[in-house]
Amino acid sequence: MAEKVTPRSEDYAKWYTEVVQRAELADYAPVRGSMVIRPYGYALWENIQRGLDNMFKAIGVQNAYFPLLIPHSFIAKEAEHVAGFAPELVVVTHGGGKELEEPLVIRPTSETVMYSMYAQWIQSWRDLPLKINQWCNVVRWELRTRLFLRTLEFLWQEGHNAFATAEESEEDARRMLGVYQDFIENWTAIPVVAGKKTESQKFPGAVNTYTLEAMMGDRRALQCCTSHNLGQNFSKPFNVQYLDKSNQLQYVWQTSWGLSTRMVGAIVMAHGDDQGLSLPPRLAPTQVVIVPIWKSDAEKAQVLANAQQLVASLGKDLRHRLDNREEYSPGWKFNEWEMRGVPLRIEIGPRDVEKKQVVLVRRDTGEKTTVPQNGLQDKVVALLDEVQSNLYARAKAFLEENSHQLDSYADFKQVIEEKGGFIWAHWCGSSECEAKIKEETTATIRAIPFDHEGESGKCVYDGRPSRGRVVFAKAY
RNA sequence: CGGGGCGUAGCGCAGUCCGGUAGCGCACUUGAAUGGGGUUCAAGUGGUCGGCGGUUCAAAUCCGCCCGCCCCGACCA
């Protein structure tokens, strides 16, 4: 193992790939474009799952599981949906040594299978709303891949709600985006810009797609999750109907919403530094690592005994780990745990045992403080809270520093080229301008912010009237 | 699919031009010392040189075909 990772400033993409592997989050798998999520990375994902799952259940969503294989004809039922996913479908043509009568696709997303079942389960207005989520893998044949950010197979959750009215589904799509925003800002400590996707960027088959866009350390945008109002675009081809209170047959109004393991990549890129990961305490698999330090055997016995007491005093609510490996020096361990992003380190050596104190080191700032062993748990809990909020504050400041309000296209091009970041600019709403800007600058419209109609102006590209600013950026 | 790079020990590489029977660093194992920011020293383990075929007394090295991976671009959570 090389000692240092490529500095972020030197080569961001390389830094990212090295950190992900060195921190043992993931590794490349035998098949091109696919990856193994290693125990440490999976532990992080499990914490994400736990946090989100509780939030979903609190608003009445139930978990279920739908099959991996989908009849090809299902995918084809919604015109935009097929068109959108056809290029990245993996199709199964053989089974049991025989060619199948109808090919099956491996789910790229589950709207179609799920709604074929919804059509059977939903009969009456009393069956609504129906809110089902599943945690699963999906497969999309991507041409260009990157650990966590884009792989052929990835893990996610996809929620699918059905309602009686258009108002409810629109409201639900927005509500679920709010749930994600709460989770992402308060758990992953990543600030986001919330808004709507443009026509060209919305989900194939959706009426509206809502998104949360975060800024990574290289100032590029990353879409963290999406929430779609599907309207009746799927209920019609799949015949998801109910009888309303006046005995009329109606099609349901639906939403779907998802967040993937891509979020792990977002955490790496939003908080990491040249030392490696820096994990938000609420999600870190290990929140506190205790590194004992000794010279003689006598000291070793004393230090370890004291360290064990401390571990016990930290209680069961904190995720902690005593690193008593003898084959590594303390300095080596410091670097190792910093690479893995453990938010807080406790150092305890002979001097500390004698003075009944320990040294606390924060991962986010590197700051060291010496504190008495008495009341350590409270101190640790408080410090973890501080790290959590500092990570968010720091990312928020970075997002603001790198957001620019621009009105001329010349400035737009220059800023995108030289500084990067988010550009808030006026846009007339035409797909042509959007496409031209993308072609000329590679920047895309990440989101049309919800409160964007506060200020009128002129389109940054063609000068036509605009009712508000939208967010442009180069994106992952 | 277009452009670029690369396949030699678990990882990173040298050796390839100019054929002569495989080497360095890290990791790993054992031992000793060390231990408050990647600690030393010593002795070891580990390789069908991506695959197949050809040339040759002899191929990691020359020739042909194939396979795979990474990076950059078009498409995308």
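Chain letters run A, B, ... following the sequence lines, proteins first and then strands; every chain starts at 1.
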Nearest to the Ile293(A) side chain among G38(B), A77(B), G36(B), which nucleotide is it? G36(B)
Can you identify which nucleotide, out of G36(B), G37(B), A77(B), has its nearest atom closest to the Glu338(A) side chain? G37(B)
Between [N] and [M], how many Å separate the two [atom1] atoms, rounded to a whole number?
{"N": "G19(B)", "M": "C24(B)", "atom1": "C1'", "answer": "22 Å"}
{"N": "U34(B)", "M": "G51(B)", "atom1": "C1'", "answer": "48 Å"}
{"N": "G31(B)", "M": "C70(B)", "atom1": "C1'", "answer": "41 Å"}
{"N": "C18(B)", "M": "C1(B)", "atom1": "P", "answer": "34 Å"}
{"N": "G64(B)", "M": "C17(B)", "atom1": "P", "answer": "14 Å"}
{"N": "C49(B)", "M": "C62(B)", "atom1": "C1'", "answer": "16 Å"}
{"N": "C13(B)", "M": "U8(B)", "atom1": "C1'", "answer": "9 Å"}
{"N": "C71(B)", "M": "U30(B)", "atom1": "P", "answer": "36 Å"}

Whole angstrom is fine here: how far is it from [atom1] in [X] over to [atom2] in [N]?
{"X": "Arg22(A)", "N": "A27(B)", "atom1": "CZ", "atom2": "P", "value": "12 Å"}
{"X": "Glu327(A)", "N": "U29(B)", "atom1": "CD", "atom2": "P", "value": "8 Å"}
{"X": "Lys295(A)", "N": "G35(B)", "atom1": "NZ", "atom2": "P", "value": "5 Å"}
{"X": "Tyr328(A)", "N": "A27(B)", "atom1": "OH", "atom2": "P", "value": "9 Å"}
{"X": "Leu147(A)", "N": "A77(B)", "atom1": "CG", "atom2": "P", "value": "19 Å"}
{"X": "Phe85(A)", "N": "A77(B)", "atom1": "CZ", "atom2": "C1'", "value": "9 Å"}
{"X": "Asp11(A)", "N": "G5(B)", "atom1": "CG", "atom2": "P", "value": "18 Å"}
{"X": "Asp352(A)", "N": "G36(B)", "atom1": "CG", "atom2": "P", "value": "13 Å"}

Strictly distance-based, threshold 3.5 Å: is any side-chain N or O of Asp274(A) a donor or acceptor partner for the main-chain N or O of Arg8(A)? yes
So which nucleotide does [N] pair with, by the Watson-Crick or G-U wobble rule with both distances under 3.5 Å?
{"N": "C24(B)", "value": "G12(B)"}
{"N": "C18(B)", "value": "none"}
{"N": "C69(B)", "value": "G5(B)"}
{"N": "C62(B)", "value": "G54(B)"}
{"N": "U29(B)", "value": "A43(B)"}
{"N": "C49(B)", "value": "none"}

Kindly indicate whether a cation-pi arrangement holds for Arg146(A) with Tyr476(A), taking the cut-offs as under 6.0 Å to the six-membered ring centre and within 45° of the axis.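 No, cation not above the ring by the 6.0 Å, 45° rule.
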Relative to Phe238(A), does Lys77(A) satisfy both conditions: NZ or CZ under 6.0 angstrom from the six-membered ring centre, and within 45 degrees of the ring's axis? yes
Students often get this wrong, so: under 4.0 angstrom with heavy atoms, is [X] touching a base, only sugar-phosphate, or nothing?
{"X": "Arg345(A)", "result": "base"}
{"X": "Val291(A)", "result": "nothing"}
{"X": "Glu347(A)", "result": "base"}
{"X": "Pro330(A)", "result": "sugar-phosphate"}
{"X": "Thr370(A)", "result": "nothing"}

Position toward the 5' end of RNA chain B (nearest nucleotide), Thr17(A) or Phe203(A):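 Per heavy-atom nearest nucleotide, the more 5' residue is Thr17(A).
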Residue met sooner reading RNA chain B from 5', once Leu149(A) and Tyr28(A) are mapped to nucleotides: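 Closest to the 5' end, via its nearest nucleotide, is Tyr28(A).
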Passing option when Glu338(A) is tested against Arg362(A), Arg363(A), Lys333(A), Arg345(A) for salt bridge (charged side-chain N to carboxylate O under 4.0 Å, His left out):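 One option only clears the test, and that one is Arg345(A).
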Side-chain N or O of [X] versus OP1/OP2 of [N]: is the shortest distance under 4.0 Å?
{"X": "Ser329(A)", "N": "G38(B)", "result": "no"}
{"X": "Lys438(A)", "N": "C75(B)", "result": "yes"}
{"X": "Arg144(A)", "N": "A74(B)", "result": "no"}
{"X": "Arg351(A)", "N": "G36(B)", "result": "no"}

With sequence neighbours left out, write down each residue that passes ring pair (Phe, Tyr, Trp, His ring centres under 6.0 Å) with Phe154(A), or none if nothing qualifies. Trp156(A)
Is there a donor N/O on one and an acceptor N/O on the other, under 3.5 Å, for the side chain of Lys368(A) and the base of G36(B)? no
Per the atom types in the model, does the base of G35(B) pair as donor or acceptor with the side chain of Glu326(A) at under 3.5 Å? no
Evaluate the side-chain proximity of Pro108(A) to Leu89(A): yes if any heavy-atom separation is below 4.5 Å, no if none is. yes
Heavy atoms only: give me the nearest Phe234(A)-Pro204(A) pair and the separation to one decimal. CZ-O, 4.1 Å
Just checking, is any N or O donor in the side chain of Thr6(A) or Asp11(A) under 3.5 Å from an acceptor N or O on the other one? no
Near-parallel close stack of Trp332(A) and G37(B) base (under 5.5 Å, under 30°):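 No; by the centre-distance and plane-angle rule, Trp332(A) does not count as stacking on G37(B).
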